[in-house]
Asker: 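Quick one: structure below, then a few questions.
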Amino acid sequence: MSQLQAKSATAATQVQRICCPNCGCSAAERYYLPEYRIIRTQCGTCDYLMVMGDKGKVIEAYAPGQDS
Ligand SMILES: [Zn+2]
């Protein structure tokens, strides 16, 4: 199963599964959006959201509190 990949792709969105920095679950996703030069991290479990721009500058962030 070898498919041609990435080399010819321009401004393609990449998704990476990561550990949520807020609730610690492994269901968070990080979207790389080169078209907008941002990285968007979101978690469906706790509604965590972070949008980062150039040089790691935080554009938008939302981290819901936990009751634990
Ligand atoms: Zn989370």
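As the structure is a computational prediction, the values presented were derived from the model and not from experiment. In listed order, ligands and their atoms are each counted from 1. Basis for what follows: all heavy atoms, side chains included, without hydrogens, waters or symmetry-related copies.
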Asker: Taking the side chain as every heavy atom from C-beta outward, state whether Tyr48 and Pro21 have any atom pair closer than 4.5 Å.
Answerer: yes
Asker: Which count of protein N, O or S atoms is obtained for distances strictly below 2.8 Å from the Zn ion (ligand 1)?
Answerer: 4
Asker: Run the side chain to side chain donor-acceptor pair (under 3.5 Å) check on Tyr31 and Glu29 step by step: do they pass?
Answerer: CA-CA 6 Å; Tyr31 294 83; Glu29 288 174 328; 2.8 Å; yes
Asker: Between Val51 and Tyr62, is there a shared hydrophobic cluster once you connect ILVMFWY residues whose side-chain heavy atoms come closer than 4.5 Å?
Answerer: yes
Asker: So how far is it from Ile39 CD1 to Met52 CE, rounded to the nearest 0.5 Å?
Answerer: 4.5 Å
Asker: Would a 4.5 Å heavy-atom cut-off, applied to side chains only, mark Glu60 and Leu49 as touching?
Answerer: yes
Asker: Just wondering, do Cys46 and Cys25 contact through their side chains at under 4.5 Å, heavy atoms?
Answerer: no
